[in-house]
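To start, the structure itself, in structure tokens.
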Amino acid sequence: MDNSTFFTHHPLVIFGATGRLASEMVFYALLKRFSNHLVLCGSSIDRLQGLKDEIEESGFGDIQIDLTLSIQEAVSYGGYILYAKSVPGGAMSREDMLLHNAPFAREAGLAMADVKNKIMRVVCVSNPSDLMGLMLLVHSGLRPEQVMSLSSLDTERFRRSLKRRFALRECDLDSVYTLGSHDMLMAPMLDMARVKGERFHLSMDEQEAIIRDVRRAGIRIYKKRGQTAYQSPAVHCLRLLMATDDSPFELPTARYHHSRRYPFTFGSLITRVDSSGCHHLPCCSSQEDMERLDGAFDSIRMMRNRLIEDGFLPAVEEWRKELHEEKEFVCVE
């Protein structure tokens, strides 16, 4: 098959490949002709083989599919990486997921360090994705713009809440962003949002209802469908992996950030993802919005400190020089 018909000649490496989100994204990637080389990494060779069988019977043509149980072997291929590995289990708190998934993220990050020049981009969805993204970055030595985690669903959920509540169309809305952490302290930036170019004038009750809608949107999907959302995040992950200068991804995406206001952290701000990676854009809003954003980044900071205390991350003083460079993108209007 002609490799020129694919988005990239680099492999697509997927950790946690047999999980719902990751396996869903495999098929989306094949439909979009992302790469003709897949590296599927998981914890069961039988499940990986079953996924390979299903791919092969789907008629995608001559696709090279390598299977491995080894994080080090998977990383050695380089290319584009979707990191979706996590410990299976029932409902867990964000804190429980942090400590369950941290050993794998540390191992993967250290493995990436050995082949970092072969890696193009890493997208993390292993929860808590902002903290797992931070671990992958610190341990891998990759550039900050190369490592990102999914947070754009929270912005789409904010847009949906506004459209449904006020009977609006997509084209009516502008500057709608949910920033900060991917948890119950995420910050819908109410004062930044515009409808037909004008600021919303919301009562306190409306503000509280919208914030609650956005923060609980994932829980509502779980209750209605009987399962967590995995198709929508798979779509967003593929868009992040395929973002280019000609087709950028312009929804907020979590990445490393170090400033006086939010030092040594990894969270969602206004960004643009293009051919060279994920880049911050200026983010200025009201004092009220910024107080919500402060709370979201406080949540990330506390969990980062827990990773340091438990030995999964080195003390910030030991992080490489590049991660100590302060860059100011956030301000109060």
Side-chain angles (χ1 to χ4, degrees), residues 6-58 60-88 101 103-112 114-116 118-127 129 132-133 135-137 140 142 146-150 152-153 228-243 249 253 273:
F6 289 90
F7 172 78
T8 180
H9 65 277
H10 295 285
L12 173 59
V13 180
I14 302 183
F15 290 93
T18 58
R20 280 181 165 178
L21 188 158
S23 58
E24 191 83 14
M25 204 208 74
V26 168
F27 286 89
Y28 295 162
L30 289 166
L31 284 168
K32 296 291 286 186
R33 302 186 66 75
F34 184 87
S35 173
N36 70 341
H37 185 189
L38 300 178
V39 180
L40 307 180
C41 181
S43 57
S44 165
I45 198 66
D46 287 340
R47 291 183 179 180
L48 288 169
Q49 185 63 53
L51 176 57
K52 181 177 180 180
D53 291 349
E54 192 172 354
I55 292 169
E56 290 176 337
E57 70 189 26
S58 297
F60 290 115
D62 189 15
I63 304 294
Q64 178 182 342
I65 306 172
D66 295 314
L67 310 179
T68 180
L69 304 181
S70 166
I71 289 177
Q72 289 76 16
E73 182 183 354
V75 166
S76 70
Y77 288 90
Y80 291 80
I81 296 176
L82 175 71
Y83 187 81
K85 184 174 179 62
S86 61
V87 175
N101 292 329
F104 299 110
R106 179 176 58 186
E107 181 181 358
L110 291 170
M112 290 177 194
D114 294 331
V115 293
K116 62 183 179 182
K118 296 171 64 176
I119 295 173
M120 306 300 293
R121 180 173 300 178
V122 179
V123 173
C124 177
V125 287
S126 176
N127 280 318
S129 58
M132 295 301 103
M135 290 190 66
L136 294 174
L137 173 70
S140 68
L142 290 166
Q146 286 180 279
V147 182
M148 59 205 78
S149 71
L150 181 67
S152 48
L153 284 180
T228 57
Y230 63 91
Q231 290 159 322
S232 53
V235 169
H236 282 245
C237 285
L238 184 58
R239 289 174 178 162
L240 284 170
L241 288 166
M242 296 185 74
F249 186 84
T253 299
V273 184

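Along the sequence shown, residues carry numbers from 1.
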Problem set entry | Residues that Tyr230 engages under ring-ring contact (aromatic ring centres under 6.0 Å, His included), provided they are two or more places apart | none
For this session: Applying ring-ring contact (aromatic ring centres under 6.0 Å, His included), name anything that partners His37, two or more places apart in sequence or on another chain.
Result: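 Applying ring-ring contact (aromatic ring centres under 6.0 Å, His included) to His37 gives Tyr77.
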Taking [Y]'s backbone N and O only, do any of them form a donor-acceptor pair with [X]'s side chain (distance below 3.5 Å, no angle check)?
X      : Y      : result
Asn101 : Asn127 : yes
Ser140 : Leu137 : yes
Thr8   : Ser35  : no

With the side chain counted from C-beta on, respond yes when [X] and [Y] share a heavy-atom pair under 4.5 Å apart, and no when they do not.
X      : Y     : answer
Val125 : Leu82 : yes
Leu48  : Thr18 : yes
Phe60  : Asn36 : no
Ile55  : Leu40 : yes
Lys118 : His10 : no
Leu30  : Ser58 : no
Ile63  : Phe6  : yes

Provide the closest heavy-atom pair for [X] versus [Y] in the form atom of the first, atom of the second, distance.
X      : Y      : value
Ala229 : Pro233 : O-CG, 3.6 Å
Val123 : Cys237 : CG1-SG, 4.1 Å
Ala22  : Ile14  : CB-CG2, 3.7 Å
Ala243 : Val273 : CB-O, 3.4 Å
Ala108 : Val75  : O-CG2, 4.3 Å
Met132 : Ser126 : CG-O, 3.1 Å

Exercise. In terms of heavy-atom contacts, does NZ of Lys52 have more than 12 from other residues, nucleotides or ligands at under 6.0 Å?
Worked result: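 Count over threshold, so yes.
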To the nearest 0.5 angstrom, please state how far the [atom1] atom of [X] sits from the [atom2] atom of [Y].
X      : Y      : atom1 : atom2 : result
Leu238 : Phe7   : CG    : CZ    : 9.0 Å
Met120 : Ile81  : CE    : CD1   : 11.0 Å
Met25  : Gln231 : CE    : CD    : 14.0 Å
Leu150 : Tyr83  : CG    : OH    : 15.5 Å
Leu69  : Cys41  : CG    : SG    : 7.0 Å
Leu240 : Ser149 : CG    : OG    : 9.0 Å

For this session: Kindly assign one of parallel, tilted or perpendicular to the pair Tyr80 and Phe34, based on the angle between their ring planes and the thresholds 30° and 60°.
Result: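 Rings of Tyr80 and Phe34: perpendicular, as their planes differ by over 60°.
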Exercise. Any idea how His236 and Phe249 line up, ring-wise: parallel (<30°), tilted (30 to 60°), or perpendicular (>60°)?
Worked result: perpendicular
